[in-house]
Amino acid sequence: MKYILTLNAGSSSLKYSVYRTQAGAGLELRAVGQVDRIGSENATLILKREGERDSRELGEADHARAVEAILEICEPHMQGAPVAGIGHRIVHGGTLFDKPAVLNSDILSALHRLVPLAPLHQPHNLSAVRAAMSSFPDAVQVGCFDTAFHRSQPWVDDTFALPREYYDKGIRRYGFHGLSYDYITGELDRIDPDDHHRKTVVAHLGNGASMCAVKGGKSVASTMGFTALDGLPMGTRCGQLDPGVLLYMIAQEGMGHNQIRDLLYTKCGLLGLSGISNDMRELEASTRREAKEAIDYYVFRIRRELGGLTAAIGGLETLVFCGGIGENSATIRGKVCEGMEWLGIEIDPGLNAAGAGIISTGRVTVRVIKTDEELVIARAVDAALAA
Ligand code: AMP
C-alpha cells in the first residue's frame, strides 16, 4: 500500500488530494483539502476526510511550510505507509511536454524558463515542486501540464498571424485546462468506447472557462491561446478582446503593464460586466439588468465558439458540459442549447434540470460530466510508479 499526493498551487492557495494505491485495487481518494492565504500571516489548512473536516491555523506560511503542514495533517491517517509519489499541476509545459514528466533538476530549469509565459501561475507551481522535493526526497515527483493535451493541435490553431519570428520565440496558442479535457475524453472512452472517434466539443465552464474541439480523442482547437485570458469571458478574466483595445488603453487611458494585467485578469468577465459578482450563482439569483446582460454575453460567446469549434472538426456529435457552471447550472446549459436544433442539439428540460448524464434528445449527444483534474494527476503518478 502506498500513497499519492496531488498538489495544485496557486498564488495564495495550495489544493491537495491524497490517494491510496494498492496492487490490484487501483486508486482510492482518501482525503482532499487546501491551504489558503499562503504568503500572509494567517494561513489556514483544511483537511476533508471520510465526511469529517479538520482545520488548522498555520500562521505565517509559504509554499514550503504549506507542504510540510499537509504532510503533518495527513500522516496520522496513512498507517505508516509512504507517500511514494507526488503529482503537480503545472500550468505551462510549453512546446516541451505533450504528456506528464517525472521531474528532475534539468526539467525544473526548463520549466523555470517558461515563467515569462505564465508569470502569475508557473512560479507558484514550481515553488510547490521545490517544497515537495525537499519535504519528500524519496517520492517520485511528476509534472502534469495544462498545455500538454493541446500539443496535438494543427499549426493553424497553434499560431497567430504575427511575423514568424514570434512563433519561433514561443508566442503560440498553447491552450489550457488540458487536465480537464484529458479526464473528459477518458470518461467518454470509458462510457462509450466508440466516443473517442467522435467529433466532440467540451465546454469547461468554471471560474476559468474554455472550450475545446476534440476529434479522434485529440485536441484540434481550443478557445484559450497564449495565456489563459483568451476565448470565453470568465469569472474575472476578459476572454476574447480586440488587441486594439490594449493600444487604446496605453495611448488614451495612460495605463501601464501592471494596471492592464490587473484589469484583464481580475476586473473583467462576469464581474466586470455585471459590477455585481464573478459568481454565477449570484448572477442567476440577481434581478438586476446588469446581471442578466453579463449572463447574456457569457452565453452568446459560448454559442459563438461552439459554432467555430464545430467547423474546426467538421461537425458535432457530442457536446460535454463540465466545470462548476457546466456541471451545476441548468440555466446556462439551457440557454447555450436553446434554438440550436439547426446543429442537431435538442435537450430535455427535465433531464437538464436534473443534471442527468445525458440531457439531449436530438442527434447530438449532450452530456454533463463532473471533471476530475486531480484524478488525471494521480493516474500519471501511479503510471510513473509502475514504470
Ligand atoms: P469552478 O471554478 O469549476 O469551481 O466553478 C466555479 C463557478 O461555478 C462559479 O461561478 C460558481 O458560481 C459556479 N457554480 C457552482 N455551482 C453552481 C450552481 N449550482 N449554479 C450556477 N453556478 C454554479
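Note that the numbering runs from 1 along the sequence shown for the chain. Indexing begins at 1, ligand by ligand and atom by atom, following the structure's order. Side chains included, hydrogens not; waters and symmetry mates left out as well; all remaining heavy atoms used.
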Suppose we measure from atom 13 (C) of ligand 1 to each protein heavy atom; which comes out shortest, and what is that distance?
Ile325 CG1, 3.5 Å
Polar-atom distance check: Ser329 versus ligand 1, any N or O pair below 3.5 Å?
no
Consider every N or O of Gly324 and every N or O of ligand 1, then say whether any pair is closer than 3.5 Å.
yes
Aromatic ring pairing Tyr181/His177, orientation class (parallel under 30°, perpendicular over 60°, tilted between):
perpendicular
Who gets closest to atom 19 (N) of ligand 1 by heavy atom: Leu283, Ile332, Asn328?
Asn328
I'd like to know whether CD of Glu41 has more than 12 heavy-atom contacts from other residues, nucleotides or ligands below 6.0 angstrom.
no
Within the side chain of Arg172, is there an N or O that forms a donor-acceptor pair under 3.5 Å with the backbone of Tyr167?
yes
Side-chain donor-acceptor contact under 3.5 Å, Ser277 with Asp279
no
Atom 11 (C) of ligand 1: closest protein heavy atom, distance to 0.1 Å, is Asp279 OD1, 3.6 Å
Under a plain distance cut-off of 3.5 Å, with no hydrogens placed, do His150 and Ser219 share a side-chain donor-acceptor pair?
yes
Is the His92 to His121 ring centre distance short of 6.0 Å?
no
If you measure every N or O of Asn207 against every N or O of ligand 1, does any of those distances drop under 3.5 Å?
yes
Gly206 neighbourhood, listing ligand 1 atoms whose heavy-atom distance to it stays under 4.0 Å:
1 (P), 2 (O), 3 (O), 5 (O)
So Tyr174 and Thr227, do their side chains get closer than 4.5 Å, heavy atoms only?
no
Shortest protein heavy-atom distance from atom 10 (O) of ligand 1, along with the residue and atom involved
Met280 N, 3.2 Å
Tell me the protein heavy atom at minimum distance from atom 20 (N) of ligand 1, and give that distance in Å.
Arg281 CG, 3.6 Å
